[in-house]
Enquirer: 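Submitted below is the structure of interest, expressed as structure tokens.
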Amino acid sequence: MADAKSDYEFKKIGKELSNWGRWGSDDELGTINFITPDVRKAAAALVRTGKTFDLGMPFSSAGPQSGGGRFNPIHTMTMMPSDGPLFPDGMIASDDVVTMPLQCATQWDSLAHVGYDEALYNGVPGSAVTASKGAIKNSFDKVVNRLITRGVLLDIAGLKGVDRLARSEEITADDLDAAAARQGVSIQSGDVVMFRTGWYQHFTEGNSALYLGWESAGLGISAAAWLHDHEVAAVAGDNFAIECLPAKEEGTSLPVHMVLIRDLGMTLGEMFNFEELAADCNSDGVWEFLFSGIGIKVTASVGSPVTPIAIK
Ligand code: UVW
């Protein structure tokens, strides 16, 4: 039995790749720091046609969740035209309320979402997330205004010649290199790298149990060094938890989450929809674009719903 504190391979990898202190002891942005104004300016220049692609899942009662701690959005009306005119001039209006977990559909995981051995990114103690105050450090609202940069889509299902990867299929660093080479695209510092497993189709086909289950295709732990070496700002997948499940290292839960979020300080995007974008990239051969994934500025949050947009 591995010692919970040190013997796991993922913890050794995390130590080697650690960005703690790289941007200062108080840093709460992590790899988002790679998105500089120059990076964003260059990304804006990628817009050629103005065509937009919605990479988000609808936030509705038809979402993938089946209940428990994470449930689908509950949308209720608090004002409607049928309530009658609001003013003597005949004005009618509607208001609405949504109750939903921030993690129920397309989302970002903040640097307060996951850690191990009592620590979050940059040595912040797990106790910095409190019941009354939420995430005192590393909350998602710190990065909200920064998530506009160059996006690159790597079609791993396309690389393997399948419409979607198999259950528990692992994406390795070599796969990421091979996909980039096949598509003729290179990764630059400050990119949001998106990878397509094809698993979003399980959700659209109504198989949410498989989509959210513990047999998901996704990133293996070798992707962590790849993302680190390429100075990737954030990574996003069309699967529900980024990584391949169950994890290959025996006795581990979500090792890719733990290394990326806690050690690299990398924000993770989950449940993105790349189907339309991938079809377009396949037809025009352009796999890079301006990416906007700003999320919602909920203070002290450990994540955020998002409707990410790619602009070509
Ligand atoms: C966990 O379930 C801990 O993480 P995520 O929602 O990021 O997959």
Enquirer: Under 4.0 Å between a side-chain nitrogen and a carboxylate oxygen: does that hold for Asp7 and Lys12?
Expert: no
Enquirer: Quick one: does any side-chain atom of Gln183 pair with a main-chain N or O of Ala178 as donor and acceptor, under 3.5 Å?
Expert: no
Enquirer: Please determine, by modelled atom types, if Thr172 and Asp175 share a side-chain donor-acceptor pair under 3.5 angstrom.
Expert: yes
Enquirer: Nearest 0.5 Å, what's the CD1-OG distance between Ile261 and Ser110?
Expert: 7.5 Å
Enquirer: Can you classify the ring geometry of Phe291 versus Trp108 as parallel (below 30°), tilted (30 to 60°) or perpendicular (above 60°)?
Expert: perpendicular
Enquirer: Any donor and acceptor pair, going by atom type alone, linking the side chain of Asp284 with main-chain N or O of Val286 inside 3.5 Å?
Expert: yes
Enquirer: Taking atom OG1 of Thr267 and atom CG of Leu264, what is their separation to the nearest 0.5 Å?
Expert: 11.0 Å
Enquirer: Group every Ile, Leu, Val, Met, Phe, Trp and Tyr by side-chain heavy-atom contacts under 4.5 Å, then state whether Ile171 and Phe10 land in the same group.
Expert: yes
Enquirer: With distance as the sole test, does Asn19 use its side chain to make a donor-acceptor pair with the main-chain N or O of Thr31 at under 3.5 Å?
Expert: no
Enquirer: Let me check something: do Phe274 and Ile309 share a hydrophobic cluster, defined by ILVMFWY side-chain heavy atoms less than 4.5 Å apart, either directly or through other members?
Expert: no
Enquirer: Does any N or O in the side chain of Arg40 come within less than 3.5 Å of the main-chain N or O of Ile148, such that one atom is a donor and the other an acceptor?
Expert: yes
Enquirer: Would Leu227 end up clustered with Trp20 when hydrophobic side chains under 4.5 Å apart are linked, directly or stepwise?
Expert: yes
Enquirer: Between the side chain of Asp117 and the main-chain N/O of Ala119, is any donor-acceptor distance below 3.5 Å?
Expert: no
Enquirer: Donor-acceptor pair, Asn207 side chain versus Gln201 backbone, under 3.5 Å?
Expert: no
Enquirer: Any carboxylate oxygen within less than 4.0 angstrom of a Lys/Arg side-chain nitrogen, looking at Lys248 and Glu243?
Expert: no
Enquirer: Using the rule side chain to side chain contact (heavy atoms under 4.5 Å, CB included), only one of Met57, Gln107, Met100, Gln103 pairs with Pro305; which is it?
Expert: Met100
Enquirer: Checking Asn33 against Asp27: is there a side-chain donor and acceptor pair closer than 3.5 Å?
Expert: yes
Enquirer: Look at Glu169 together with Arg164 and state whether they make a salt bridge at an N to O cut-off of under 4.0 Å.
Expert: no
Enquirer: For Asn138, is there any backbone N or O sitting under 3.5 Å from a side-chain donor or acceptor partner on Glu28?
Expert: yes
Enquirer: Ignoring hydrogens and geometry beyond distance, is a side-chain donor-acceptor pair present between Asp141 and Ser139 at under 3.5 Å?
Expert: yes
Enquirer: Between His257 and His113, how do the two ring planes meet: parallel, tilted or perpendicular, split at 30° and 60°?
Expert: tilted
Enquirer: For a salt bridge (charged side-chain N to carboxylate O under 4.0 Å, His left out) check, start with the C-alpha distance between Asp155 and Arg182, then their side-chain angles and the critical distance, and finish with the verdict.
Expert: CA-CA 9 Å; Asp155 186 356; Arg182 171 181 168 267; 5.1 Å; no
Enquirer: Do the two ring centres, one from Phe203 and one from Phe240, sit under 6.0 Å apart?
Expert: no
Enquirer: Below 4.0 angstrom, N of the basic side chain to O of the carboxylate: do Glu288 and Lys312 qualify?
Expert: no
Enquirer: Does Asp263 come within less than 4.0 Å of Lys15, counting only side-chain N to carboxylate O?
Expert: no
Enquirer: Hey, quick one: are Phe195 and Val185 part of the same hydrophobic cluster, counting side-chain heavy atoms closer than 4.5 Å, chains of contacts allowed?
Expert: yes
Enquirer: Within a radius of less than 6.0 Å around CD of Glu205, do more than 12 heavy atoms belonging to other residues, nucleotides or ligands occur?
Expert: yes
Enquirer: Looking at Asp191 and Arg150, is there a salt bridge between them, counting it only when a charged N and a carboxylate O are closer than 4.0 Å?
Expert: yes
Enquirer: Salt-bridge test for Glu231 and Arg22: reply yes if a basic N is under 4.0 Å from a carboxylate O, no otherwise.
Expert: yes
Enquirer: Could you tell me whether a side-chain N or O of Ser301 sits under 3.5 Å from a main-chain N or O of Ser304, the two making a donor and an acceptor?
Expert: no
Enquirer: Distance-only, no hydrogens or angles: does the Thr130 side chain make a donor-acceptor pair with backbone N or O of Lys133 under 3.5 Å?
Expert: yes
Enquirer: Does the side chain of Asn239 pick up a donor-acceptor pair with the side chain of Tyr200 at under 3.5 Å?
Expert: no
Enquirer: Verify, without hydrogens or angle tests, whether Asp238 (side chain) and Gly198 (backbone) share a donor-acceptor contact under 3.5 angstrom.
Expert: yes
Enquirer: Measure the spacing between CD1 of Ile92 and CE of Met79 and express it to the nearest 0.5 Å.
Expert: 12.0 Å
Enquirer: Are the side chains of Phe53 and Asp280 in touch, meaning some heavy atoms are under 4.5 Å apart?
Expert: yes
Enquirer: Answer with yes or no whether the hydrophobic clustering places Ile156 together with Ile187; edges join I, L, V, M, F, W, Y residues whose side-chain heavy atoms lie under 4.5 Å apart.
Expert: yes
